[in-house]
Each structure stands twice: as structure tokens, then as C-alpha cells.
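Throughout, a chain's letter reflects where its sequence line sits, starting with A, and its residues are numbered from 1.
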Amino acid sequence: MKLSKYYSFTLREDPNEAYLNSHKLMLRAGMIRQATSGIYTWLPLGLKVLNKIKDLIRNIHIKNEIYEILMPTIQPSDIWKKSGRFNDYGKEMLKIFDRNDNTLLYGPTNEEMITDLVSNDLKSYKDLPKLLFHTQWKFRDEIRPRFGVMRCREFLMKDAYSFDLDYENSYFSYCKMFILYMKIFNLLGLNVIPVKADSGPIGGALSHEFILETSNGETLFFYDKTILDKDCYNINLNDKELVIKATEDLLSVYSSSSETHDEALFKSKTSPQNQICSKGIEVGHIFYFGTKYSEAFDANYITSNGEKKLIHSGSYGIGVSRLVAAVIEANNDDKGIIWPKQVSPYDLGLINVRFDNSKSKDFSEEFYKKFTNKYEVIYDDREVRAGKKFNDMDLIGVPLQVIVGEKNLLNSNIEVKHRNTGKLQLISLDKIESYLEKYCEC
RNA sequence: CGGUGCGUAGCGCAGCCUGGUAGCGCACUAGUCUGGGGGACUAGGGGUCGUAGGUUCAAAUCCUGCCGCACCGACCA
């Protein structure tokens with residue numbers, strides 16, 4: 001991608017309405033623009049990251065035999081009346097009226113819709129278990145949207161749903177999703193802590209939140225710091241025994257959101273030097289709700305004995321658009337964003353520091369042509385001063401910058417800069433290709 | 001919804017108290033110099049002062065309503 005053709009407008013100063021670093025940086029780097037309170041337009045750079053995170057989450061679901069569907073954003077109200085949540089959900093639900101004066105709503109979540117769907121298709125015990133997910137825009141009319149994309153009204157969420165024979169099987173699905181979530185956050189380079197949670201209006205008995213610890217977070221939570229030592233990232237998710245064991249091992253260590261926190265239990269279970277009270281951002285939330293929704297939608301199956309039984313279900317959400325902000329919140333400095341490689345909008349930032357110099361310019365063009373099919377390259381070919389290019393590239397935050405200038409070319413060198421350490425390194429021209437290969441592998 | 005504050009150029013702000021020609025910095029356009037970390041000089045362009053009404057000879061400025069935005073609290077991925 002050539003910056004001269006891109007839709008990229010960076011801001012030098014922090015916009016007045018932004019308070020969180022992630023919000024300021026997303027606006028400054030030209031990732032998003034606010035349309036109205038809690039509703040945003042995603043510009044090319046922001047959308048690139050959003051899609052990267054979405055795809056990473058999506059692919060690991062599919063790899064684990066959780067299949068993708070796409071439910072609509074607009075839902076009929078009758079299914080919500082069936083489950084009783086039409087009124088329970090309250091003012092956060094945005095209601096819409098069509099030309100025939102039917103009440104529709106912009107979906108805040110999809111339990112009703114998917115249970116209704118599944119109740120028609122799943123008939124036999126042979127059809128279970130089933131796991132489905134989709135990544136779709138949601139709308140919750142928050143009392144007070146804030147922090148940019150972190151707590152907005154329209155947001156992108158990945159929500160998965162499990163359908164099982166009984167509690168025991170459903171518990172396995174829950175544990176499987178639990179470990180899958182640990183893997184996902186690990187892949188995103190985030191240190192996320194699972195905590196016991198209140199199930200809120202979604203309802204249900206078993207519930208956990210996944211919290212990214214940050215000083216600016218909204219959620220207060222408590223945990224035993226030994227939970228950070230648990231490694232469950234390489235477990236085969238089809239191995240029922242291991243998955244349940246790993247989950248229970250994690251849950252044996254105290255961790256809780258403030259709503260469910262039990263101070264006495266915390267104190268008795270955790271040694272004093274390991275007791276942490278911290279703030280964070282909720283990036284995922286999982287629920288087991290038994291037969292709550294299958295009852296309402298008459299979602300049942302026939303057992304091998306010919307008996308009719310209710311399906312047990314659970315739901316598993318990740319705030320995808322929120323994660324964009326969360327990743328930035330966890331990875332930035334005074335110059336801008338520092339993307340972890342896996343979610344960076346581009347692999348390499350190519351800077352031609354001398355647009356007026358043909359040697360430097362020609363080399364940059366060649367370099368771009370050569371590597372743009374192999375890596376995702378953001379090439380700053382604009383006719384602006386070097387200082388602006390350096391600052392913009394730092395702000396945008398791609399992990400590796402390749403800096404081309406006449407001085408170094410005359411010595412057959414090219415410069416690279418690692419965004420996270422700020423380290424500058426001269427690489428000889430004949431080594432750059434292998435350098436990049438090695439860099440991108442790890 | 002309660003408490004607080006703010007709406008003036010794309011962004012950041014001054015002007016309002018004490019009514020009288022619409023201002024500054026950045027960005028933008030043109031030119032000259034410059035050319036490896038937001039460079040300098042010169043000349044420009046860009047405004048329904050959130051909106052509707054009121055007071056006044058005269059309103060960005062005073063008064064009232066409305067709208068929008070943000071911060072603090074109760075809700076949530």
C-alpha cells in the first residue's frame with residue numbers, strides 16, 4: 001500500500017473528546033472517526049486491524065469445528081417476547097418500527113435468534129453436540145458510551161453458542177470454549193485473566209469474564225497472581241479429559257470480578273503476597289445457561305430411548321471491536337501505537353526519507369515492488385519531509401520500519417527500526433531479504 | 001437519568017466577564033530556500049461563532065428554550 005494513495009489523515013494533537021490513550025491514538029492515527037456518541041466509522045487503517053483480529057478469532061473457531069453462520073443485525077421482537085427478555089433487557093435495546101408498525105430491534109445479542117433457529121434443525125441425540133458462531137455488529141444503547149470504541153453503542157462481537165445433550169456435555173463445551181479463549185487472547189499477545197463473573201441479563205449459572213489488566217480499565221477485579229503461571233495454550237481441545245482438567249486447574253486459583261468477590265474466601269485461599277486487586281477491560285464473557293432458552297423455544301431432541309429432552313446451551317462472547325482498543329491500551333508509548341505482529345495492520349513500514357533523491361526513491365520503489373506480495377507493506381512515498389514520515393510511522397505503529405536514504409545506500413546499507421524497542425540497525429543490502437524472512441518467522 | 005463542564009476554520013484554542021471590523025497555532029494552497037526526526041520565509045484560501053427565539057441602534061459576547069459533545073455516578077462485550 002502506498003500512503004500517497006491511502007486514506008490516511010493523522011492528527012498531530014490529541015482530540016479534545018478523547019480521554020483514554022487508545023481512543024486518542026485511534027483518532028490520531030486515522031483509524032476511526034466518530035459519527036455520533038458511541039457510533040464510529042472505521043477508516044482503512046482501523047478496519048484493517050479490526051479484520052485481522054476478527055479473522056484470527058474466526059479461523060481458530062473453524063479449526064476447532066465451531067462453524068460460522070451470519071445472523072441479521074435486525075431481529076423480530078416476538079422471539080424476545082418468547083424468552084421474556086423483551087422487557088427484561090430494558091432501555092439498552094434499540095427498538096425499531098417498520099412501515100407496518102411491527103416492532104423490530106437492533107440485536108444486542110443472539111441467544112433467542114439462534115435457539116429459535118436450532119430448535120427447528122436439531123432433532124436427535126445424534127445431532128448433538130453442535131457449536132456455532134458468528135461475528136456481527138450489535139447495538140446496545142448504553143447509558144453512557146465512552147472511551148471511543150472501548151465502550152460504544154454499535155460494536156462488533158464474536159458470539160458462539162453451544163448445544164449439548166445434558167449438563168455434563170455442556171460443561172465440556174464450556175471448558176472447551178474457556179481454553180479456546182485463553183488460546184485466542186494468548187495469540188493476540190494479551191495477558192488476559194479469567195475471572196468468576198455475574199451472569200447478568202444473559203442469565204445462567206456458570207459464567208466467567210476474561211479481563212485484560214490495564215490501569216485505565218473500568219472493571220475492578222481480584223485475583224491470585226499464581227494464575228498467571230498456568231499454561232494451557234497447547235492443549236488439544238478435543239481431549240475432553242485434558243480440557244476439563246486444565247479449566248478446573250485454572251479455576252482452582254482464586255479470581256473474581258467485583259460483583260462476585262468474596263473477600264473472606266480470597267484471604268483464606270490466597271497467600272498475602274499473591275493477592276492482587278486490579279482494574280481491567282472485559283474482553284470476553286462466557287455463560288452456561290442450561291435449558292433457559294431451549295425451554296422458551298421448545299428446543300429439544302429425541303434420546304436413543306425415544307424420550308424428549310431439552311437441549312443445554314451456552315454462549316461465548318468476545319468484543320472484537322473493543323479488542324482493537326484493548327490491544328492499543330496494552331501496547332503504546334508517547335510516540336504512538338506499538339502493534340504486536342499478529343494484529344498489526346501492516347508487517348513492514350517502508351520509509352523513503354528523500355523523496356527528491358532519485359537513488360533513494362528508485363530503491364524504495366524497487367523494494368516495494370519486490371516485497372509487497374510477500375509482506376504487507378505500508379510504503380510512505382509521500383512528498384513530505386522525513387520528520388513527518390518518521391512520526392507518522394511511529395504513530396501508526398507497525399512493528400518494523402525499513403528506512404531508505406541516500407546516505408546509507410551509498411554504503412550499500414539500509415536501516416531498520418524496531419518499533420517496540422526503538423532500536424536502529426544498519427543491514428547491508430544483500431542481507432536484508434534474509435533479515436526480513438528471519439524477522440517475520442518469529 | 002442525576003451532578004459538572006463545553007460547543008468559535010479540518011484539529012487544538014483565544015475572544016464572552018465589561019455588546020461595536022472574526023482572531024492565534026497546527027494543517028491546507030502558491031512560491032523561494034531547505035532536505036535523515038513534525039524546518040524557515042513570503043503571499044493566500046477557508047467561519048450559518050451548535051440551533052431557534054428574545055433584549056438592543058448593534059449579539060460570538062447578555063437572557064430563554066432546544067440540540068449536540070465530554071467528564072463523574074448507577075448498566076455492559
Side-chain angles (χ1 to χ4, degrees), chain A residues 9-20 23-24 27-28 30 33-39 57 88-93 108-110 135-160 181 192 197-202 207-212 217-219 257 259 280-287 315-326 335-336 351-357 360-361 380 383-395 401 403-410 413-415 417 422 424 426:
Chain A
F9 300 95
T10 54
L11 305 173
R12 194 165 175 172
E13 286 170 284
D14 287 333
N16 178 260
E17 78 256 25
Y19 172 75
L20 276 195
H23 188 196
K24 288 179 187 167
L27 290 166
R28 285 224 288 135
R33 288 289 133 84
Q34 177 164 308
T36 183
S37 180
I39 300 179
I57 294 170
D88 291 357
Y89 218 91
K91 291 190 117 175
E92 284 198 11
M93 187 160 72
T109 178
N110 290 68
T135 309
Q136 179 63 290
W137 292 92
K138 308 280 192 289
F139 193 95
R140 293 182 191 171
D141 201 358
E142 291 281 338
I143 290 168
R144 184 149 85 85
R146 65 188 118 164
F147 304 144
V149 123
M150 189 73 88
R151 170 184 297 297
C152 48
R153 296 194 291 175
E154 188 184 55
F155 59 97
L156 188 63
M157 180 166 130
K158 187 286 307 177
D159 38 329
Y181 273 31
V192 167
D198 192 28
S199 55
I202 308 275
S207 176
H208 290 89
E209 281 175 19
F210 294 80
I211 297 180
L212 173 69
E218 301 179 86
T219 307
S257 66
E259 293 91 24
I281 300 159
E282 181 186 349
V283 287
H285 201 158
I286 62 177
F287 307 87
S315 81
Y316 314 88
I318 292 181
V320 178
S321 48
R322 168 180 286 188
L323 268 174
V324 177
K335 302 289 272 177
I351 295 177
N352 171 212
V353 293
R354 290 289 305 270
F355 65 84
D356 62 329
N357 177 283
S360 172
K361 189 177 173 182
D380 196 342
E383 302 201 347
V384 300
R385 298 179 68 88
K388 179 163 171 62
K389 294 188 180 185
F390 289 130
N391 280 297
D392 276 353
M393 203 58 87
D394 283 347
L395 175 62
Q401 299 174 12
I403 300 161
V404 177
E406 190 190 20
K407 270 189 224 162
N408 289 324
L409 285 178
L410 290 172
N413 281 329
I414 193 167
E415 193 177 46
K417 175 178 163 181
L424 293 165
L426 281 179

Checklist outcome for this item: The contact string for nucleotides 6-16 of chain B, one letter per nucleotide 5' to 3', using protein heavy atoms under 4.0 Å with B, S and - for base, sugar-phosphate only and none, comes out as -----BSS---
Item to check | Per-nucleotide protein contact string for nucleotides 39-44 of chain B, where B marks a base within reach and S marks sugar-phosphate only (heavy atoms under 4.0 Å, - for neither) | outcome: B-----
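For the pair A:Arg153 CZ and B:G68 C1', the interatomic distance rounds to 12 Å; values are reported in whole Å. Computed from coordinates, the A:Ile143 CD1 to B:A74 P distance equals 10 Å when rounded to whole Å. We find that CD of A:Glu92 is positioned 5 Å from C1' of B:C75, with the value rounded to whole Å.
Applying the salt bridge (charged side-chain N to carboxylate O under 4.0 Å, His left out) rule to A:Arg151 yields the partners A:Glu142, A:Glu218; only residues at least two apart in sequence or on another chain are considered. With sequence neighbours excluded, the residues forming a side-chain hydrogen bond (donor to acceptor under 3.5 Å, both in side chains) with A:Thr10 are A:Asp392, listed by chain and number. Qualifying side-chain hydrogen bond (donor to acceptor under 3.5 Å, both in side chains) partners for A:Thr219, counting only residues two or more places apart in sequence or in other chains: none. When the side-chain hydrogen bond (donor to acceptor under 3.5 Å, both in side chains) test is applied to A:Lys158, the partners found at least two apart in sequence or on another chain are A:His61, A:Tyr181.
Along RNA chain B, the nucleotide nearest A:Glu209 and the nucleotide nearest A:Thr10 are compared for position; the residue whose nucleotide lies closer to the 5' end is A:Thr10. Between A:Cys152 and A:Lys91, the residue anchored closer to the 5' end of RNA chain B is A:Lys91, taking for each the nucleotide with the nearest heavy atom.
Of the possible polar contacts, one joining the A:Arg322 side chain to the A:Glu282 backbone as a donor-acceptor pair under 3.5 Å is found.
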